[in-house]
Protein chains: 2
Amino acid sequence: MPTTTAAQKRAHAKVEYDSFLSQCPSRQLLDRISDKWVALILAALGSEGPQRYSELSRRLAGVSQKMLTQTLRSLERDGLLTRTVTPTVPVTVTYELTDLGLSLQRVMWAVKLWAEAHMDEVLVNRKQYDNRL
Amino acid sequence: MPTTTAAQKRAHAKVEYDSFLSQCPSRQLLDRISDKWVALILAALGSEGPQRYSELSRRLAGVSQKMLTQTLRSLERDGLLTRTVTPTVPVTVTYELTDLGLSLQRVMWAVKLWAEAHMDEVLVNRKQYDNRL
DNA sequence: CGGGATCCGCACGGATACTG
DNA sequence: CAGTATCCGTGCGGATCCCG
């Protein structure tokens, strides 16, 4: 970076205007679960138990391996899942939810249930809104 | 690569590898709540009742008016909140959660509680993970 | 006051190639 | 098999100006 410009200003602005919100735990948690693959990984591991890398990549069809690896790493870092390497040949890697990860998965499950119960209602609302333009 | 490029290939790929997941209601709902301002607006309107545009923009300090307006519009479109214009001078606009919006807010509240209960545990896990590099 | 319209940077995520 | 490294397009979101 040659000339220190926008990044600094934003970083500076953030601490002044966002001070009380950035301290809020719900804010930090949002950044975690708002990643669209997080909820999917949680759901996959929560409903089907421990799984290997290749199983997950097949289950979450459409995810690039970059995103899958990146998301798994951050979840491991947060202690929501464990990564176990078995030195077979070729190597076998298994991912499994921790107790902490399981507790979050249960909360997210309620959100999933809400979606299944109300999503069609939302869809109807959208059509109505779009038609009265 | 001048002719027929990436957008097409991706659009094509999407329908074949993502077919069953895109049908899943939880997937569509994710796109809604994964917007970081959605949860904040829900929380603000849920805990403090109906509020004006300027009140919301102050409460969610740091949000640009573009994002605030855009998010409010999409929530109104989905029937999660109502937008009421009172022809005073200058004009007064009030936003209020619908019953549907309230029901989602209650589910999101559980997520917020989880965050407040476990976020420090997550923070400890992160430090441990970072230290053993 | 409560927006709409426009311009634009950059960071997020996809695609590809290579490795132990 | 389970990644790492790299390049690169684009779309999200911030900044700015203007309007009823």
Side-chain angles (χ1 to χ4, degrees), chain A residues 1-14 16-18 31-32 34-38 40-41 50-76 81-95 133, chain B residues 1-14 16-18 30-32 34-38 40-41 50-76 81-96 133:
Chain A
M1 40 192 76
T3 51
T4 61
T5 43
Q8 271 200 352
K9 286 207 310 188
R10 262 182 295 122
H12 174 58
K14 206 155 206 169
E16 53 174 281
Y17 64 53
D18 235 359
D31 293 344
R32 173 112 319 295
S34 71
D35 186 307
K36 68 175 178 178
W37 301 116
V38 166
L40 262 28
I41 291 176
Q51 288 180 56
R52 302 178 55 180
Y53 182 88
S54 51
E55 292 176 307
L56 281 172
S57 75
R58 246 173 281 118
R59 191 78 166 81
L60 309 187
V63 66
S64 64
Q65 91 289 45
K66 175 184 176 180
M67 281 301 101
L68 182 54
T69 300
Q70 185 173 299
T71 307
L72 286 170
R73 278 301 171 328
S74 73
L75 289 176
E76 182 194 6
L81 56 77
T82 59
R83 176 174 180 270
T84 308
V85 180
T86 309
T88 54
V89 49
V91 66
T92 303
V93 180
T94 307
Y95 294 93
L133 288 186
Chain B
M1 49 217 90
T3 50
T4 62
T5 46
Q8 272 199 352
K9 286 207 310 189
R10 263 182 294 123
H12 175 58
K14 203 155 209 170
E16 52 174 283
Y17 63 51
D18 232 359
L30 262 186
D31 293 344
R32 171 111 322 292
S34 73
D35 185 307
K36 69 175 178 177
W37 301 117
V38 166
L40 262 27
I41 291 176
Q51 288 180 54
R52 300 178 56 180
Y53 182 88
S54 51
E55 292 177 306
L56 282 173
S57 75
R58 245 173 281 121
R59 191 80 165 83
L60 309 188
V63 66
S64 65
Q65 93 288 42
K66 176 184 175 181
M67 281 302 100
L68 181 54
T69 301
Q70 185 174 299
T71 307
L72 286 169
R73 278 302 172 325
S74 74
L75 289 176
E76 183 195 5
L81 56 77
T82 59
R83 177 174 180 269
T84 309
V85 180
T86 309
T88 54
V89 49
V91 65
T92 303
V93 180
T94 307
Y95 294 92
E96 182 172 12
L133 287 184

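Quick note on labels: first sequence line is chain A, next is B, and so on, each numbered from 1. None of these values were measured; they are calculated from a predicted model.
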Toward the 5' end of DNA chain C, which comes first, B:Thr69 or A:Pro90, by nearest nucleotide? B:Thr69
Reckon B:Thr92 has a side-chain N or O less than 4.0 Å from the OP1 or OP2 of C:dG2? no
Indicate the atoms forming the closest heavy-atom contact of A:Arg52 with A:Val91, along with that distance. NH2-O, 4.3 Å
Passing candidate, side-chain contact (heavy atoms from CB on, under 4.5 Å) with B:Trp37, options B:Leu75, B:Thr71, B:Leu72: B:Thr71
Among D:dA2, C:dT16, D:dC7, find the nucleotide with the atom closest to the side chain of A:Lys66. D:dC7
Calculate, to the nearest 0.5 Å, the distance between atoms CD and CG belonging to A:Gln70 and A:Asp35 respectively. 8.0 Å
What's the closest nucleotide to the B:Met67 side chain, out of D:dG13, C:dG20, C:dG14? D:dG13
Presence of B:Tyr53 side-chain N/O under 4.0 Å of C:dG4 phosphate oxygens OP1/OP2: no
Starting at atom CG of A:Leu72, determine the distance to atom P of D:dA2, rounded to an integer number of angstrom. 11 Å
Are A:Arg52 and D:dC1 close enough that a side-chain N or O sits under 4.0 Å from OP1 or OP2? no
Please report the distance, rounded to the nearest Å, between CG in A:Leu68 and P in C:dG13. 13 Å
Of all the heavy-atom pairs spanning A:Pro50 and A:Thr94, show the shortest one and how long it is. CB-CG2, 3.9 Å
Whole Å only: how far is the OH atom of B:Tyr95 from the P atom of C:dC1? 15 Å
What about A:Gln65: does its side chain form a donor-acceptor pair under 3.5 Å with the base of C:dT16? yes
Atom-pair distance (CD on A:Gln70; P on C:dA15), nearest Å: 15 Å
Round to the nearest Å and state the distance from B:Arg58 atom CZ to C:dC1 atom C1'. 11 Å
Once you round to the nearest 0.5 Å, how far does CG of B:Leu30 lie from NZ of A:Lys36? 9.5 Å
Could you check how far CD of B:Gln51 sits from C1' of C:dG2, rounded to whole Å? 15 Å
Using a cut-off of less than 4.0 Å, is there contact between a side-chain N or O of A:Arg83 and OP1 or OP2 of D:dA2? no
